[in-house]
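Structure, as structure tokens:
Quick note: numbers below take in every heavy atom, side chains included, and nothing from hydrogens, waters or symmetry partners. Letters A, B, ... mirror the listed sequences (proteins, then strands); counts begin at 1. Note that the structure is predicted; figures quoted are calculated from it, not measured.
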Amino acid sequence: MSRRTRLLVFLVGGGVLAAAFVVGVLGIPGFGGSEHRYRDLAVPAAVAHRTANAVAAVNFDQRAIDTFGEETILIASTLGAVALLRPSREETVRRPPDLGHTLESTRLIGYVLMPLTLVLGTDVVAHGGITPGGGFQGGVVLATGLHLLYVTGSYPALDRLRPLLPFRTAEALGAAAFGVVGALALIGTGTFLGNALPYGSLGQIFSTGTVQVLNLVVGIEVFGSMVVLLAAFFEQEISVRKQDEEAR
Amino acid sequence: MNVLAYLIAGYLVLLGAYGIVRSQHLVHAVVCLSITQSGTYVLLLAVGYQRSASAPVFGSTTKPNLHVVDPVVQAMTLTDIVVSATVTALLLALSVQINKRHGTVDPDELIALRG
């Protein structure tokens with residue numbers, strides 16, 4: 001299909017979609033209105049399970065099975081990307097030279113911010129059930145903190161501080177633990193991923209039952225996934241060379 | 001303007017799709033797909049928004065009440081973002097492989113190679 005035909009096909013299809021969308025939008029309740037039926041059901045359900053962060057209650061309690069599916073997508077995509085980025089037969093992995101041309105100030109900020117970011121990430125995961133945040137967000141913050149080492153200009157340092165095996169294991173165990181918690185809840189309550197643990201009082205860190213546990217395992221899994229994923233991209237870009245390039 | 005936020009969501013989806021159709025570089029196409037997905041975030045959050053309502057997070061200062069924005073669509077947006085990020089990573093990995101195998105990342109040239 002030539003570019004012209006493709007554009008024409010898109011203009012026709014996109015035009016129809018746009019028209020249907022506008023007609024649909026004009027028929028739904030206006031923006032910012034006070035009628036939210038899901039909210040009216042979800043918020044009391046969250047409060048009943050003493051989960052102060054209603055979004056976490058939806059993700060890890062009311063819709064926990066969907067989050068399980070989402071977590072599986074996460075691990076499957078990571079696996080796929082890592083498999084695709086593996087060095088092929090005609091490529092070799094070599095140690096990259098340390099090309100440290102970083103400003104001292106950049107380096108300083110990196111070294112100061114790395115521990116702070118790791119603490120912040122842990123905090124976001126740990127308080128996922130009661131304040132904004134949770135396992136997904138905290139896991140990404142943790143991985144970002146670790147990769148500040150790369151921003152400070154030292155790939156070899158990142159390579160040393162980040163042995164991949166523990167992160168691969170953490171990723172797999174995190175994903176598996178989600179299923180195990182679900183199965184234990186099935187035995188305890190008769191519902192897969194039902195909230196099986198006793199509740200505390202609203203706003204306390206261990207008040208939310210299994211929400212907090214699931215937040216933690218998701219945090220571990222996301223941290224592991226992000227590190228493994230970025231490591232695959234880094235390796236492909238920095239250490240992997242074709243053999244004939246190496247010979248030159 | 002009661003529908004402006006919804007229309008912006010639709011605009012982002014179509015804009016991203018237009019970018020994919022016109023794309024001459026696979027990484028560009030992946031970024032356009034991310035823009036399309038941002039349209040879905042805007043739509044979800046717009047659906048759940050309520051004027052002058054607070055965040056659906058309670059504590060000692062905010063007693064549980066129903067005058068909050070919809071937590072269900074916020075949770076869906078979170079799911080959406082996570083899936084979008086991992087799919088983007090997968091597509092970029094595919095682009096790296098395609099570049100290695102075929103020496104090009106222009107979708108048009110890839111079609112020429114196959115046929």
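Within 6.0 Å of OH in A:Y150 there are 12 or fewer heavy atoms belonging to other residues, nucleotides or ligands. At most 12 non-hydrogen atoms from other residues, nucleotides or ligands lie less than 6.0 angstrom from OH of A:Y38.
In this structure, the portions of B:V72 lying under 4.5 Å from any heavy atom of chain A include both its backbone and its side chain. Only the backbone of B:V47 comes within contact range of chain A, judged by heavy atoms closer than 4.5 Å. For chain B, no part of A:R37 is nearby; none of its heavy atoms comes within less than 4.5 Å. Contacts of A:R86 with chain B are made by backbone atoms alone, with heavy-atom separations under 4.5 Å and no side-chain atom involved. For a residue to count as touching a neighbouring chain, one of its non-hydrogen atoms must lie under 4.5 Å from one of that chain's; by this rule A:I28 touches chain B with the side chain only. For chain A, the nearby parts of B:Q74 are the backbone and the side chain; heavy atoms of each come within less than 4.5 Å. In this structure, chain B has a heavy atom under 4.5 Å from the side chain of A:F136, while its backbone stays farther away. With a threshold of 4.5 angstrom between heavy atoms, B:L92 approaches chain A through its backbone and through its side chain. Looking at B:T77, neither its backbone nor its side chain comes within 4.5 Å of chain A, counting heavy atoms on both sides. Contact of B:L78 with chain A is made through backbone and side chain together, with heavy-atom distances under 4.5 Å. Using a 4.5 Å cut-off between heavy atoms, A:Q62 makes no contact with chain B at all.
When side chains are defined from C-beta on, B:P56 counts as touching A:V55, because their heavy atoms get closer than 4.5 Å. Counting heavy atoms from C-beta outward, B:R22 and A:R6 have side chains that stay 4.5 Å or more apart. Considering only heavy atoms from C-beta on, A:H36 stays 4.5 Å or farther from B:V73 through its side chain. When side chains are defined from C-beta on, B:L66 counts as touching A:P44, because their heavy atoms get closer than 4.5 Å.
Between the side chain of A:R39 and the backbone N or O of B:G48, no donor-acceptor pair lies under 3.5 Å.
By number of non-hydrogen pairs under 4.5 angstrom with chain B, the leading residue of A:V82, A:I130, A:L84, A:L79 is A:L84. Considering only heavy-atom pairs separated by less than 4.5 Å from chain B, the leading option among A:E71, A:E35, A:E237, A:Q137 is A:Q137. Taking chain A as the reference chain and counting heavy-atom pairs below 4.5 Å, the highest number among B:I81, B:V69, B:V68, B:L91 is found for B:V68. Ranked by non-hydrogen atom pairs under 4.5 Å with chain B, the options A:G80, A:G14, A:S34, A:A42 are led by A:S34.
Closest approach of A:E70 and B:V82 over heavy atoms only: OE2-CB, 3.2 Å. Looking at every heavy atom in both residues, B:A46 comes nearest to A:F31 through O-CD1, 3.6 Å. A:R3 and B:D108 make their closest contact through NH1-OD2, 2.7 Å (heavy atoms, listed as atom of the first residue, atom of the second, distance). B:L90 and A:S77 make their closest contact through CD1-O, 3.6 Å (heavy atoms, listed as atom of the first residue, atom of the second, distance).
The aromatic rings of B:Y18 and A:F10 lie tilted to each other, with the angle between the two planes from 30° to 60°.
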Between side-chain atoms of residues 220-234 of chain A and protein atoms elsewhere (two or more places apart, or another chain), which donor-acceptor pairs fall under 3.5 Å?
unit_1 : atom_1 : unit_2 : atom_2 : d
A:S225 : OG     : A:E171 : OE2    : 3.0
A:S225 : OG     : A:E221 : O      : 3.0

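Between the CG atom of B:L43 and the CZ atom of A:F21 there is a distance of 5.5 Å, given to the nearest 0.5 Å.
Qualifying salt bridge (charged side-chain N to carboxylate O under 4.0 Å, His left out) partners for A:R168, counting only residues two or more places apart in sequence or in other chains: none.
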